[in-house]
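The shown structure was predicted, so the numbers you read here are calculated from the model rather than taken from an experiment. Throughout, residue positions are numbered sequentially from 1 according to the sequence presented.
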Amino acid sequence: MTQHASPPRDSADTIAPAGRTPAWRGLWARADVRTLSLLGVLAALVVIGGVTKPDEFLDTRNLQLVLTQASVIGVVTVGMTFVITSGGIDLSVGAIVALASVWATTVATQEYGFGGILFTAVLVGLGCGLVNGLLVAYGGMVPFIATLAMLASARGLALQITDGRTQIVTVDGVLSLGERDSYLLGIPPLVLVFALVTVLGWLVLNRTTFGRRTVAVGGNAEAARLAGIDVRRQRLYLYLLSGLCCGIAAFLLVVLSGSGQNTNGNLYELDAIAAAIIGGTLLSGGRGTITGSVLGVLIFTTITDIFALNNLQSDVQQIAKGAIIVAAVLVQRRTASTT
């Protein structure tokens, strides 16, 4: 008796029952709605800023400043998006940025010039990411605990290196990147770096095997393991990627501030997590969006700028951010319950 093979159920080309929309189209529609919603919020904030402080907010220099400030936390958020997508968390990103920035601006490091500062910042970020990855992937530690320990250790080491003092950068090649003469077509170099990291992050997450493995591990780690994915190695790579982004962000922060301080990166972990969440990345893992995370960063940076221009207290700003985060999580839960 002849048997007919049935088509695979997980195929994107599987024919949906009459009257029903294929699952992949529903996912695309929801992703598109999230992106449009975030763009709408950002547009509304621009209108509010333009109405309340038209001469200051819409000034070219202010817009360049907003994008420049978004670049530092934005690079960190790209790395955080990968970690959260895999079902992990990294509470140490702000402390790693601080440690990398002060280690890269010591007198001994600055003797090696531009390359020495950049190399040290990236190397410190990778080193911290390696420790986090080994503790989580091979040490069996919960990401929350492992990265919390790194947060405390990195902050303490940064304070020990600086002895509580600000380390001033004297390398002209680094300082010149923050000057207007270095802008390319009116775009600050830091923004160009942020754009490059964003594009690369999007390509890796959406167009490579590494990205598919990241989503698979976050969706169901055991199923990913049974499918042949080395889950522990993947998690190690992800924390290395997060550390790399922190090292790059530390260098950008050194360029922006012209110094290294042990207080750098304060609360970056909360801002990065919040930006990723409101962008549509699931905190439980299995879904991530670089585009949404970047829009989340721009929304928070714009809010900060509007509050600063209108001389509003920072506590009100934090309340506004908190309300946005709660709303984003509620929307995520509502979306998840309808799938």
Is there a path of hydrophobic side-chain contacts, each under 4.5 Å between heavy atoms of I, L, V, M, F, W or Y residues, that connects [X] with [Y]?
| X | Y | result |
| --- | --- | --- |
| Ile145 | Leu238 | yes |
| Leu196 | Val122 | no |
| Val142 | Leu148 | yes |
| Leu42 | Val297 | yes |
| Val193 | Tyr183 | no |

Carefully, step by step, assess Val215 and Arg287 under the rule side chain to side chain contact (heavy atoms under 4.5 Å, CB included). CA-CA 6 Å; Val215 175; Arg287 187 183 74 204; 6.0 Å; no
Going by the rule side-chain contact (heavy atoms from CB on, under 4.5 Å), which residues pair with [X] if we only count those two or more places apart in sequence or in a different chain?
| X | answer |
| --- | --- |
| Val294 | Phe194, Thr198, Ile290, Leu298 |
| Phe119 | Leu123 |
| Glu56 | Lys53, Leu309 |
| Val204 | Phe82, Thr208, Phe210 |

CZ/Arg180: more than 12 non-hydrogen atoms of other groups inside 6.0 Å: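 Count over threshold, so yes.
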Atom OH of Tyr112: over 12 foreign heavy atoms under 6.0 Å: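 Check fails, neighbour count at 12 or below.
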Is there a side chain to side chain contact (heavy atoms under 4.5 Å, CB included) between Thr302 and Phe57? Walk through the geometry before answering. CA-CA 10 Å; Thr302 304; Phe57 180 81; 4.0 Å; yes
Can you measure from [atom1] ([X]) to [atom2] ([Y]) and round to the nearest 0.5 angstrom?
| X | Y | atom1 | atom2 | value |
| --- | --- | --- | --- | --- |
| Leu241 | Tyr237 | CG | OH | 12.5 Å |
| Asp181 | Glu179 | CG | CD | 6.0 Å |
| Ser101 | Ile117 | OG | CD1 | 11.0 Å |
| Leu295 | Leu36 | CG | CG | 10.0 Å |
| Gln69 | Leu256 | CD | CG | 7.0 Å |
| Ile303 | Asp305 | CD1 | CG | 11.0 Å |

Which residues pass the salt bridge (charged side-chain N to carboxylate O under 4.0 Å, His left out) test with [X], not counting sequence neighbours?
| X | answer |
| --- | --- |
| Arg212 | none |
| Asp172 | none |
| Glu222 | Arg225 |

Please check if the side chain of [X] supplies one atom and the backbone of [Y] the other of a donor-acceptor pair under 3.5 Å.
| X | Y | answer |
| --- | --- | --- |
| Thr109 | Thr105 | no |
| Gln110 | Thr170 | yes |
| Asn310 | Ile306 | yes |
| Asn206 | Trp202 | yes |
| Thr147 | Pro143 | yes |

Looking at every non-hydrogen atom in both residues, tell me the closest pair between [X] and [Y] and how far apart they are.
| X | Y | value |
| --- | --- | --- |
| Ile278 | Gly296 | CD1-CA, 3.6 Å |
| Ala221 | Val231 | O-CG2, 3.6 Å |
| Ile84 | Ala276 | CD1-CB, 4.1 Å |
| Leu190 | Val255 | CD1-CG1, 3.6 Å |
| Thr120 | Gly116 | OG1-O, 2.7 Å |
| Gln64 | Gly186 | NE2-O, 2.7 Å |

Quick one: salt bridge (Lys or Arg N to Asp or Glu O under 4.0 Å) pairs with a partner in residues 138-167, sequence neighbours left out? Asp163-Arg165
Would Ser293 and Thr81 count as a side chain to side chain donor-acceptor pair (under 3.5 Å) if you check the C-alpha gap in whole Å, the side-chain angles of each, and the deciding distance to 0.1 Å? CA-CA 7 Å; Ser293 295; Thr81 301; 2.8 Å; yes
Just wondering, do [Y] and [X] contact through their side chains at under 4.5 Å, heavy atoms?
| X | Y | value |
| --- | --- | --- |
| Leu236 | Tyr138 | yes |
| Trp103 | Leu157 | yes |
| Ser182 | Pro189 | yes |
| Gln167 | Ser259 | no |

Applying side chain to side chain contact (heavy atoms under 4.5 Å, CB included) to Val102 and Thr106, what does each step give before you reach the verdict? CA-CA 6 Å; Val102 300; Thr106 60; 5.9 Å; no
With a cut-off of 3.5 Å and sequence neighbours excluded, list every side-chain donor-acceptor pair involving residues 89-100.
| unit_1 | atom_1 | unit_2 | atom_2 | d |
| --- | --- | --- | --- | --- |
| Asp90 | OD1 | Ser92 | N | 3.0 |
| Asp90 | OD1 | Ser92 | OG | 2.6 |
| Asp90 | OD2 | Ser242 | OG | 3.0 |
| Ser92 | OG | Asn132 | ND2 | 3.0 |

Which ILVMFWY residues are connected to Leu267, directly or by a chain of links, through side-chain heavy atoms under 4.5 Å apart? Leu270
Remaining members of hydrophobic cluster (4.5 Å side-chain criterion), Tyr239: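 Members besides Tyr239, by chain and number: Val83, Val136.
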Is it true that the side chains of Thr85 and Thr214 contain a donor and an acceptor less than 3.5 Å apart?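 No, because no side-chain N or O of Thr85 sits under 3.5 Å from a partner of the opposite role on Thr214.
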Who passes ring-ring contact (aromatic ring centres under 6.0 Å, His included) against Phe300, sequence neighbours left out?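 ring-ring contact (aromatic ring centres under 6.0 Å, His included) list for Phe300, sorted by chain: empty.
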